[in-house]
Structure formats: structure tokens, C-alpha cells
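Please read the structure below before turning to the comments.
Numbers for residues simply follow the sequence, beginning at 1. Note that the structure is a prediction, hence the values are computed from the model and not measured.
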Amino acid sequence: MAQQLPLDELSTVIARIQGLLLTEEKVTSAVQFLALAAKESVAGTIGAGVSLLDARGRRTSSGYTDRTVELADAAQYQHGEGPCLTAWATESPVLVEDLPGDGRWPAWEEAVHHLPIRSVVSVPLLAGKESIGALKLYAATAGAYGPSSPGLVQLFAAPAATLISHIQASEAPHRMTEALQASLYSRDLVNRACGVLMERLGLTHQDALQRLMRTARETGSPLQDVSASILAGMPALGD
């Protein structure tokens, strides 16, 4: 059975995880750090992973310690079932003491039967009233995690979830800014290409734009790529 961490050691683990996440500015790094810290913190664990999910249960980010966890996680999302998804959806910890014959997720169990996984503990990542994902730990022996294990994992998953949620929130404006910049760049590219065609062929702006769009459709190329080729000095469309 997994050993119960002494209170002072548990406090040290929680503080370490919080310290790691507080220095992070990107979600991808934060979930990876959390997975590694979780594996090191619970005896008997051979691998750990973190999945962040949107409201529809689609992964938006993930971190894992090894290939076994990567494959086990992929099977969950392929079949739409498994302890991680259950923990996220029910907002409650999930404990698997011996996976073969557990019976709760038959398709997932069949998919991972070749992997060295016998015990699982998965807890939701709860940030306020929202479940933003799940943390899961895998062990190669049956009974590696006892009844107290989910509560132990939840103790350091809770503050971690809050910190990751804050990192997500801080990233959102940057993602929006990057998308806006890309949109403005694309629009400027198209407008400049239209100007070239207007000058070269004596077209109106509307006719030049239609010409660009027709070529993009006929060639199966993005409009900005067609525009870039015009600005790079390619022959005018239709010449």
C-alpha cells in the first residue's frame, strides 16, 4: 500500500508544487511540472499525468511523465471513458485498486491491458466551482493506492488547480493578441496585394479582391498565400 506522508513532509510537497507553479507563465510548463511533482510525491507511482479540459471534455493541455501515461491518456480520449474523465466529470476522486476486471470502463481497460498499469488514482482539478481537468497517477502493482490516497493527492491538487487557472487566465489575453495580430497582418497582406493588381491591371479594389479569392479557390491556397505571391513579384493573376 502507498505510504501516508507525514504532515510536515506533505506541507513541504505542497509548498514545493506551489513554488514551481508560481514561477511559471505558461500552462504547458505548469502541467508538466505538476505531473512530475505528483509522481515523486506518492510512493509506488510509476507515472503521472495532468489533463486540462474544456467544458466539452476536450483536452486543451496535457503533461505526462512518460510514454505509458501518454498512451493510457490517449486511450481515454479515444474511447471517451476512463478514470481521468470520470474524475473531471463527477468532480470527485477516483480510485482503482486493481484495474483488470474493474469493469467501470471496459473499452479503456481493453485498450491499456498491455501497459504496466494495475492501480490508478485520479482527482479533479477544481478551481473555485469549476473543474478544469484532472490529475492521475498510475502504479504497476495492485493495491498500490489505498483509501487515503485520493485525499492525499487532492490536498496538493487543489492549490495547484487554482494556480494553473490563474496562468490560463493570464495567457488568454496573449492568445487573443496573437490571433488579432495574425488577423491584421493577413488583412494588410490582402489589401496590399489588391493595390498591386489595381495598379498593374487597372482594376477596382473589389475586382482585385475577387480575382485574389478566385485564384485562392481554384488553387486551394490560403488567400494570404496568394496575396504574398503577388507581393513577392509573381506575374499578375490571369496574365
Under 4.5 Å between side-chain heavy atoms, hopping through other hydrophobics if needed: is there a path connecting [X] to [Y]?
X    : Y    : result
V31  : V69  : no
L36  : Y64  : no
V96  : L71  : yes
V42  : L125 : yes
V153 : V120 : no

**Q.** W88 and V123, any side-chain heavy atoms less than 4.5 Å apart
**A.** no

If the condition is side chain to side chain contact (heavy atoms under 4.5 Å, CB included), which residues does [X] pass it with, not counting sequence neighbours?
X    : answer
E91  : L126, S131
A139 : S119, A144, Y145
A48  : A38, K39, T65, L137

Q. Residues in salt bridge (Lys or Arg N to Asp or Glu O under 4.0 Å) with E70, at least two apart?
A. R67

Quick one: closest heavy-atom pair of [X] and [Y], and the distance?
X    : Y    : result
A216 : V226 : CA-CG2, 3.8 Å
M198 : H205 : SD-CA, 3.5 Å
A134 : A87  : CB-CB, 4.5 Å
A193 : I230 : O-CG2, 4.1 Å
L203 : A208 : CD1-CA, 4.0 Å
P116 : I46  : O-CD1, 3.1 Å

Q. Would you find a donor on one side and an acceptor on the other, under 3.5 Å apart, between the side chain of W108 and the backbone of Y77?
A. no

Q | Counterpart residues, side chain to side chain donor-acceptor pair (under 3.5 Å), relative to T86 (two or more places apart) | A | W105

Q. Which residues pass the side chain to side chain donor-acceptor pair (under 3.5 Å) test with T204, sequence neighbours left out?
A. D207

Q) For E199, does the CD atom sit with more than 12 other heavy atoms under 6.0 Å from it, leaving out its own atoms? A) no

Mind checking the [atom1]-[atom2] spacing from [X] to [Y]? Nearest 0.5 Å is all I need.
X    : Y    : atom1 : atom2 : value
R211 : L201 : CZ    : CG    : 5.0 Å
L209 : R214 : CG    : CZ    : 11.0 Å
D225 : L212 : CG    : CG    : 12.0 Å
Q154 : S92  : CD    : OG    : 9.0 Å
L85  : L53  : CG    : CG    : 6.5 Å
S122 : L95  : OG    : CG    : 10.5 Å

Q) Restricting to pairs with a member in residues 101-120, which pass salt bridge (Lys or Arg N to Asp or Glu O under 4.0 Å), not counting sequence neighbours? A) D98-R118, D102-R104

Q: With sequence neighbours excluded, give me every salt bridge (Lys or Arg N to Asp or Glu O under 4.0 Å) pair touching residues 77-86.
A: none

Q: Any side-chain hydrogen bond (donor to acceptor under 3.5 Å, both in side chains) involving residues 135-144? Give me the pairs, sequence neighbours left out, ordered by first then second residue.
A: S51-K136, D73-K136, D73-Y138, Q76-Y138

